[in-house]
Amino acid sequence: MSDTLAGVAAPMGVVVTPATAARRGRRRPRRLLGLIVPLLVLVCWQLAWQWELKPRTIIPSPHEVLTAADAFFFGERVAGLSGVVYFKGAGWSHLATSLGRCGQAWVVAVVVGVVLGLGLGLSRWVADLLDPFTNALRAVPLFAWLPLAAVWFGVNPTSGKILIFIGALWPVLVATTDSVARVPAAQIEAARMLGTPRSRLWRRVYLPSALPEIVTGLRLSLTLAWTCVIIGELGGTTDGVGAMMNAAREAGRTEQIIVGILVFAVIGFAADRLLRLLSRRFVSWSDT
Amino acid sequence: MTEALGRLVAKGVCKSFGSLPVLDGIDLDVSAGRTLALLGPSGCGKSTLLRVMAGFESFDAGTVTVDGEPVTGPSPTRGMVAQAGTLFPWLTVRQNVGFGPRDRGDRQAAETVTELLAATGLSDFADALPRQLSGGMRQRAAIAQVLANRPPLLLLDEPFGALDAQTRLRMHEWVRGLLAERPTTTVLVTHDVDEALLLGDQLGLLSARPAKVVALRDVPFGSDRGRHTLADPAFVSLKAGVLNEVLEAS
Ligand SMILES: Nc1ncnc2c1ncn2[C@@H]1O[C@H](COP(=O)(O)OP(=O)(O)O)[C@@H](O)[C@H]1O
Ligand SMILES: [Mg+2]
């Protein structure tokens, strides 16, 4: 059988076509291109500080921010007068708290979103029952929930988690519902013909077939969740990156606020990359 | 070998899609273990007929039975390879071939799958994904996937239509060998006269839509058919005659 080897580079791993090879080669200089704007911003920032365009308490120097970041994560933690030290050496603990809050609410949103999405996508009956309701709720801007949550729970991490849950729910729910509804009828027929009982179709065909799109929804929802975590930390707590930033604002420490912003940026970016890596690993069969 | 199963009988099968009549009183009787090749012009209702036999499609009149049992829905005893192939893109070749046995709780699944992978020449590609296979390999995997259930009846819908001529010929020889080792009643739908005469024990001609069986005859060649048969004068003249009939029917 001489066509056995035709067109296939290796039994395992991805077939490297000239197109992907070329794209890979071109990626390096492009990445360097991406550094130009941040560097430009950094230079302008430094100049603004040097020429003192604004008081130095409002625009701290990049060096001050860097020193603050170092103190935040690597400084020695000392008990303050009130017993609460929000900044020096508290970085990892604030970060862990924020990640925990975000992760908790996000995981709940993912589970609810996928289960509800499977129900909506698989059952006409569930769809007729819930579609108008979920669509109406989805039309409410995320931050419109904030006043209500504040009245019920106060401005605190609980409200924050509820906001994260709501914000993270929709992308997962929509992605799951749509992708499940789009599973090719031929795949369902094939499974039925091969002997898969109806009750197992969702696990054997619907879920795996829809997975690449669901994972895209997960990425979107994680970004949103991380965006929402700070809202719940602006009151009612002394833990979390957001609480640190709030305390820094009250203390007039701009460089500490900027450290918080950088932490949010780095973690948000890293989380998305991680999820993308995981999705490449687990849904590598689809070409995304 | 146990007693051959899989006698397929269709009587007066009619089917319309809305106001479009597609099947118009199809009568067929395929003995257990034999291969019926169905030739018909494109769009005449060949796929629809196979889907009716597989139990995917309801019909308006007539009966379809396998070993006396009426067909009411899809079943692992009636394996169908659809025109576009039915491999699941997220599963490896081995998982695809083992899909049916696994879901039916077949204890010997692993052995069956290993044996079928060898028979389909896919042992080295057991852990590859469908998109990493060539067209011919993909079709062999799709056939192996269905045969893993050991169905008494095999339904093939233009399984090699998308392949180039050489690969297709190789696949014909391979299918002959495969089915010789595993006697399986087969209905093969095709628009390729060579394919019908190389693989069929019986040849059925369908009319243009709505499809009727306009001719049914035995194919006068033995089991040693292969590429050499194509040059056989008897084959050549038979092919010319059949081609003529097909053109008249459409
Ligand atoms: N699900 C369907 N709904 C409506 N019309 C269909 C459907 N499936 C097939 N048809 C029509 O039935 C006719 C026969 O189709 P098909 O069985 O696929 O033909 P063939 O396989 O012989 O090319 C075509 O005219 C096609 O448009
Ligand atoms: Mg067809």
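Reminder, nothing fancy here: chain letters follow the sequence lines and each chain counts from 1. Values below: all heavy atoms of this structure, side chains included; hydrogens, waters and symmetry mates excluded.
- By the neighbour-count criterion of 12 heavy atoms within 6.0 Å, atom CZ of B:Arg102 is sparsely surrounded, having that number or fewer from other residues, nucleotides or ligands.
- In this structure, the portion of B:Phe88 lying under 4.5 Å from any heavy atom of chain A is its side chain and not its backbone.
- Contact annotation for A:Pro184: neither backbone nor side-chain heavy atoms come within less than 4.5 Å of a heavy atom of chain B.
- Annotation for B:Phe17: atom CZ counts as buried by contact number, over 12 foreign heavy atoms lying within 6.0 Å.
- By the 4.5 Å heavy-atom criterion applied to side chains, A:Glu189 and B:Met80 are not counted as neighbours.
- Of all residues in residues 199-210 of chain A, those placing a non-hydrogen atom less than 4.5 angstrom from a non-hydrogen atom of chain B are A:Arg200, A:Arg204, A:Val205, A:Pro208, A:Ser209.
- Looking at B:Glu173, neither its backbone nor its side chain comes within 4.5 Å of chain A, counting heavy atoms on both sides.
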What side-chain donor-acceptor pairs closer than 3.5 Å can you find for residues 150-163 of chain B, not counting sequence neighbours?
residue: B:Asp157; atom: OD1; partner: B:Ser47; partner atom: OG; Å: 3.4
residue: B:Asp157; atom: OD2; partner: B:Ser47; partner atom: OG; Å: 2.7
residue: B:Glu158; atom: OE1; partner: B:His191; partner atom: ND1; Å: 3.2

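- Between the side chain of B:Asp103 and the main chain of A:Gly195, no donor-acceptor pair closer than 3.5 Å is present.
- By number of non-hydrogen pairs under 4.5 angstrom with chain A, the leading residue of B:Pro101, B:Gly100, B:Pro76 is B:Pro76.
- For the set B:Ala82, B:Pro89, B:Pro74, the count of heavy-atom pairs under 4.5 angstrom toward chain A peaks at B:Pro89.
- Between B:Val146 and A:Met193, some side-chain heavy-atom pair lies under the 4.5 Å cut-off.
- By the neighbour-count criterion of 12 heavy atoms within 6.0 Å, atom CZ of B:Arg176 is densely surrounded, having more than that number from other residues, nucleotides or ligands.
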